[in-house]
Amino acid sequence: MKIPPVKGTRDFYPPIMAVRNTLTDGWKAASIRNGFEEYDGPIFEMLKMYQVKSGDEIVEQLFSLQDRGGRDLAIRPEITPTLARMVNQQINALPRPIKWFSVPRLCRAERPQKGRLREFFQWNIDIIGIEEVLADAEIIFCAVDYLRSVGLTDKDIVVRVSSRRMLAEVLKAIGIREDQLDPLYALLDKINKLPPEAFEEKLVELVSDSGQRDKIQALMQAQSIEAVAQVTTLTDAARSAVDELNRLFDTLNTMGISDYCIFDISIVRGLAYYTGVVFEIYDREKTLRAIGGGGRYDNLLKQFGGPEVTATGLGMGDCVLGILLEEKGLMKDLPTRNLDFFVACADAQYEAKAIEITAILRSAGKITNYSYKTGALGKQFKQASEQNASKTIIVGSEVENGQLAIKDMASGEQTLVDWANFVGQLG
RNA sequence: GUGGAUGUAGCUCAGUUGGUUAGAGCACUGGUUUGUGGUACCAGGGGUCGGGGGUUCGAGUCCCCUCCUCCACCCCA
């Protein structure tokens with residue numbers, strides 16, 4: 001019986017695995033050089049954990065199961081709730097600031113399409129306990145640092161940055177009530193997806209006052225933070241939110257990444273828990289969905305039963321990023337093996353010697369393979385090439401004199417060496 | 001969840017108005033080559049034509065259902 005793979009999943013054959021490792025290793029390296037520590041949690045959590053933050057719609061997109069004790073569990077669709085749980089559990093023992101990263105495997109029961117599968121990897125970095133926008137700047141810098149390290153330039157990608165807090169305060173200054181904000185965010189987030197008439201139509205449903213609507217329309221047209229400040233008379237709170245976003249851009253400039261970052265008022269982000277800076281990373285042509293996104297969430301720990309602690313972070317999935325790197329030609333064919341030595345055996349009578357030599361090389365930390373079939377030496381050289389061996393050792397009649405032939409596969413040069421000396425130099 | 005497109009060898013694809021034993025390139029295995037690879041030449045293995053049902057003397061080809069993949073919408077933590 002042939003059993004098909006599960007919808008929306010991928011099989012990582014060695015060449016694809018090499019690509020995946022390149023992505024995840026790059027994420028880890030960028031995290032570490034930016035001063036983050038790695039953590040991970042379980043692959044499933046209590047189903048409840050994902051119901052706290054959001055409604056049933058999200059629960060519908062979960063893979064859930066019951067254990068034999070009847071507990072409702074879910075495979076993690078994101079790792080932020082786990083992070084919140086873990087941090088809450090040890091909140092008094094953890095030195096601040098908490099700078100943690102993770103590269104979890106996540107599952108969501110969504111319909112697969114371009115850049116979105118049911119199982120994927122997502123880079124997460126979070127800074128917990130720092131209120132200043134410096135932390136938001138650090139998150140953005142770390143993301144850009146990574147993207148730059150894989151060869152993407154400011155011609156390829158852009159970080160679109162805004163502030164939930166600024167948006168909220170300016171809307172309130174316009175006269176929008178607190179309880180109107182959440183549905184309004186959902187609409188404003190779609191401004192570039194909806195035709196202008198449809199947007200206006202839906203805006204009328206949410207905001208009855210035409211003067212307020214005009215100001216909201218003007219606000220959404222703002223191309224700069226200054227333009228936002230001119231939409232209406234700012235309250236002190238709004239002024240402070242504007243100043244904060246300006247400070248963020250100043251810091252991004254100091255960090256040398258302002259070419260990668262632009263202000264974009266339409267970045268609101270779907271869900272309710274963002275409280276300050278929000279951003280999304282896109283390809284410049286915007287032909288793909290967002291590569292990653294994040295922002296400040298000040299209430300999350302509290303929602304999971306902890307104290308009120310400020311936090312900011314980012315998530316970046318492997319699917320869209322992989323497509324972009326492929327399109328930009330930055331995903332080279334990666335070797336799945338890189339041997340230091342391939343041990344070829346010229347004659348079956350020396351096979352034991354070849355095995356012994358291989359074992360010695362491996363024990364000395366050298367990446368070594370040998371052929372399971374002695375016989376045609378040409379075949380063995382072919383294998384050595386296929387396995388990207390840098391040197392091939394020929395075990396043949398020379399061993400009678402304690403010698404071996406070593407061929408450099410790149411230059412083709414071959415030398416006879418004294419085996420005992422060679423082993424002595426391995427350490 | 002809604003709508004559209006697709007499915008032939010491991011991969012990329014040919015396959016005529018329905019007609020005998022379904023092909024190519026690449027990949028794989030073996031050989032040319034019992035002391036020398038990355039290029040060459042020769043040979044070989046590999047297909048229930050996504051699955052099921054129907055029309056027909058006859059279906060890879062036409063019809064219906066279903067599954068997968070892709071694309072758009074919904075959603076996007």
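So that the names make sense, note that chain A is the first sequence line, chain B the second, and so on, each numbered from 1. Below, each value reflects all heavy atoms present in this structure, side chains not excepted, and no hydrogens, waters or symmetry copies.
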Would the number of heavy atoms belonging to other residues, nucleotides or ligands and lying under 6.0 Å from CD of Glu400(A) be above 12?
->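 Yes - once you tally the heavy atoms of other residues, nucleotides and ligands closer than 6.0 Å, there are more than 12.
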Greater than 12 external heavy atoms within 6.0 Å of Glu285(A)'s CD =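 More than 12 within 6.0 Å, yes.
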[M] and [N], which share atom name [atom1], separated by this distance in whole Å:
{"N": "G15(B)", "M": "C67(B)", "atom1": "P", "result": "29 Å"}
{"N": "G51(B)", "M": "G7(B)", "atom1": "C1'", "result": "11 Å"}
{"N": "C63(B)", "M": "G46(B)", "atom1": "C1'", "result": "32 Å"}
{"N": "G4(B)", "M": "G47(B)", "atom1": "P", "result": "35 Å"}
{"N": "G10(B)", "M": "U55(B)", "atom1": "P", "result": "32 Å"}
{"N": "C13(B)", "M": "A22(B)", "atom1": "C1'", "result": "14 Å"}
{"N": "U16(B)", "M": "G60(B)", "atom1": "C1'", "result": "13 Å"}
{"N": "G25(B)", "M": "C68(B)", "atom1": "C1'", "result": "26 Å"}

Counter-base of [N], judged by Watson-Crick or G-U geometry with both distances under 3.5 Å:
{"N": "G45(B)", "result": "none"}
{"N": "U2(B)", "result": "A72(B)"}
{"N": "U36(B)", "result": "none"}

Check whether the side chain of [X] and the base of [N] form a donor-acceptor pair under 3.5 Å.
{"X": "Arg116(A)", "N": "C75(B)", "value": "yes"}
{"X": "Gln61(A)", "N": "A77(B)", "value": "yes"}
{"X": "Arg269(A)", "N": "A77(B)", "value": "no"}

Tyr260(A): side-chain hydrogen bond (donor to acceptor under 3.5 Å, both in side chains) partners, not counting sequence neighbours |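 Expected list: none.
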Rounded distance in Å - [atom1] ([X]) to [atom2] ([N]):
{"X": "Tyr273(A)", "N": "A77(B)", "atom1": "OH", "atom2": "P", "answer": "7 Å"}
{"X": "Leu106(A)", "N": "A77(B)", "atom1": "CG", "atom2": "C1'", "answer": "10 Å"}
{"X": "Gln113(A)", "N": "C70(B)", "atom1": "CD", "atom2": "P", "answer": "10 Å"}
{"X": "Arg85(A)", "N": "A77(B)", "atom1": "CZ", "atom2": "P", "answer": "22 Å"}
{"X": "Leu62(A)", "N": "G1(B)", "atom1": "CG", "atom2": "C1'", "answer": "16 Å"}
{"X": "Arg289(A)", "N": "A77(B)", "atom1": "CZ", "atom2": "P", "answer": "11 Å"}
{"X": "Tyr13(A)", "N": "G10(B)", "atom1": "OH", "atom2": "P", "answer": "11 Å"}
{"X": "Phe279(A)", "N": "C76(B)", "atom1": "CZ", "atom2": "P", "answer": "18 Å"}

Donor-acceptor contact below 3.5 Å, side chain [X] vs main chain [Y]:
{"X": "Asn34(A)", "Y": "Ala30(A)", "answer": "yes"}
{"X": "Arg20(A)", "Y": "Phe121(A)", "answer": "no"}
{"X": "Asp298(A)", "Y": "Thr310(A)", "answer": "no"}

Under 4.0 angstrom, heavy atoms only, what part of the nucleic acid is Gly317(A) near: base, sugar-phosphate, or nothing?
->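 It contacts nothing in the nucleic acid.
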Contact class for Lys193(A) (heavy atom, under 4.0 Å): base, sugar-phosphate, or nothing?
-> base
Mark up nucleotides 33-38 of chain B, 5' to 3', with B wherever a protein heavy atom is under 4.0 angstrom from a base atom, S wherever such an atom reaches only the sugar-phosphate, and - elsewhere.
-> --BBBB
Does Lys190(A) make a side-chain N or O approach to OP1 or OP2 of C75(B) shorter than 4.0 Å?
-> yes
Whichever of Lys373(A) and Leu117(A) has its nearest RNA chain B nucleotide further upstream toward 5' | Lys373(A)
Compare all side-chain heavy atoms of Arg10(A) with those of Asp318(A) and state whether any distance is below 4.5 angstrom.
-> yes
Supply the atom-to-atom distance Leu321(A) CG to Ile291(A) CD1, rounded to the nearest 0.5 angstrom.
-> 6.5 Å
Hey, what's the ring geometry for Trp123(A) with Trp27(A), parallel, tilted or perpendicular (30° and 60° as the breaks)?
-> parallel
